[in-house]
Protein chains: 2
Amino acid sequence: MQNDLETAATFVQRWSEAAAGGNTARCTVRNILDKIGDKWSMLLVMTLATGAKRFNELHRQVPDISQKMLTQTLRDLQRDGLVARQVFDTQPPAVEYRLTGLGQSLIVPLGFLINWADEHFSRIDAARIAYDTRD
Amino acid sequence: MQNDLETAATFVQRWSEAAAGGNTARCTVRNILDKIGDKWSMLLVMTLATGAKRFNELHRQVPDISQKMLTQTLRDLQRDGLVARQVFDTQPPAVEYRLTGLGQSLIVPLGFLINWADEHFSRIDAARIAYDTRD
DNA sequence: CAGTATCCCGAACGATACTG
DNA sequence: CAGTATCGTTCGGGATACTG
């Protein structure tokens, strides 16, 4: 825990230095954060974390994504080098998606974040209710 | 490192169990991830991580945010219990924003994520260039 | 099976002007 | 100083239909 706090403190310092010196670092981070906040990207990364999957297999496991967004999100992840696409020359065609090493490395920090969300969601929810019912 | 991988593995397992049993956990997480991906929320959290700040002070440190979005994002963070707003009854009025304990706890996992982004951005950038220039 | 193509809506966001 | 109010536009993304 002490370790976490030190890490956080170091990070905050680096952030503010970067912010002071111009905002290149901030832009870099925004770029990644956009991806995290993207409605489907991280959900697909997490789904692929359990192993390679085919197109319709992914579609079944994430039922509320539209075909369009599944295609588009996979393309983006592929473009970023987080996901690899492998085509098998069979009839009918089979296509498999899997995380690259880079994609797998994202699982670690993403996991921390999602665990945080999981642990603190009830407090956030309570805060929202308190805020909305204040007079 | 081994520790991180174990954490990630545990997480992935919990995720898939949750996904299998319905998607309540996923919805919870989406809710938080929406906030992370929000264009300004995390930038403000990081900016407030260095200490309490007043409205126009924040506006100066994050110059490219519009007044409207600064207000709105601060309200949302306040509603979620991540930021506290304190009004000083002076003339002219002064208002100070600071992270709550809950808000501070977010710095830790958020820091991991941003450090990841920072460390891997060049690889992502290279992947994008490779993808865009493939023939 | 694994996609493309097209249409369309609503929310997010920026710009601008005004206020206690 | 610390906001509110309003207008206008962009664009993410859903629905639907079609294809190699």
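Hydrogens, waters and symmetry mates are skipped; everything else that's a heavy atom, side chains included, is used. Numbered from 1 within each chain, the chains take letters A, B, ... in sequence-line order.
Here C:dA5 presents its C1' atom at 12 Å from CD of A:Q67, a figure rounded to the nearest Å. With rounding to whole Å, B:I65 atom CD1 is found 7 Å from C:dG14 atom P. Rounded to an integer number of Å, the gap from CE of A:M69 to P of C:dA5 is 16 Å. Separating the CZ atom of B:R85 from the C1' atom of D:dC1 is a distance of 12 Å, rounded to the nearest angstrom. Per the geometry, CD belonging to A:Q72 stands 15 Å off P belonging to D:dA15, to the nearest Å. Separating the NE2 atom of A:H59 from the C1' atom of D:dA15 is a distance of 12 Å, rounded to the nearest angstrom. One atom, CZ of A:F55, and another, C1' of D:dT19, lie 14 Å apart when rounded to the nearest Å. Taking atom CZ of A:F88 as the reference point, atom C1' of C:dG3 lies 17 Å away to the nearest angstrom.
A heavy-atom distance below 4.5 Å is found between the side chains of A:R128 and B:D80.
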Residue pair B:Y131, B:R134: steps toward the side-chain contact (heavy atoms from CB on, under 4.5 Å) verdict: CA-CA 5 Å; B:Y131 185 91; B:R134 101 227 99 117; 3.9 Å; yes
Under the side-chain contact (heavy atoms from CB on, under 4.5 Å) criterion, do A:K53 and A:Q61 qualify, and how do the steps go? CA-CA 10 Å; A:K53 302 221 166 17; A:Q61 294 196 17; 3.1 Å; yes
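Counting non-hydrogen atoms of other residues, nucleotides and ligands closer than 6.0 Å to CD of B:E57 gives a total above 12.
The shortest distance between the side-chain N/O atoms of B:R75 and the OP1/OP2 oxygens of D:dG3 is below 4.0 Å. Look at B:R60 and you won't find any side-chain N or O under 4.0 angstrom from OP1 or OP2 of D:dA2. Distances shorter than 4.0 Å separate none of the side-chain N or O atoms of A:R54 from OP1 or OP2 on C:dG3.
Of the listed nucleotides (C:dG14, C:dG3, D:dG14), D:dG14 has the atom at the smallest distance from the side chain of A:S66. Side-chain proximity of B:K39 to the nucleotides C:dT4, C:dG14, D:dA2 is greatest for C:dG14. Here the nucleotide nearest the side chain of A:A94, chosen from C:dG3, C:dA2, D:dT4, is C:dA2.
At a threshold of 4.0 angstrom between heavy atoms, the contacts of A:Y97 are confined to the sugar-phosphate backbone, with no base atom among them. Residue B:K68 is classed as a base contact, given a heavy-atom separation below 4.0 Å to a base. Among the heavy atoms of the strands, none lies under 4.0 Å from A:Q91.
Here the CD1 atom belonging to B:I114 is positioned 9.0 Å from the CE atom belonging to B:M42, to the nearest 0.5 angstrom.
Pair assignment for D:dG20 gives C:dC1, based on Watson-Crick or G-U wobble hydrogen-bonding distances that are each under 3.5 Å. Look at C:dA15: its Watson-Crick or wobble partner, with both distances under 3.5 angstrom, is D:dT6.
Where A:N56 and B:W40 meet DNA chain C, the nucleotide closest to each residue was compared, and A:N56 sits on the side nearer the 5' end.
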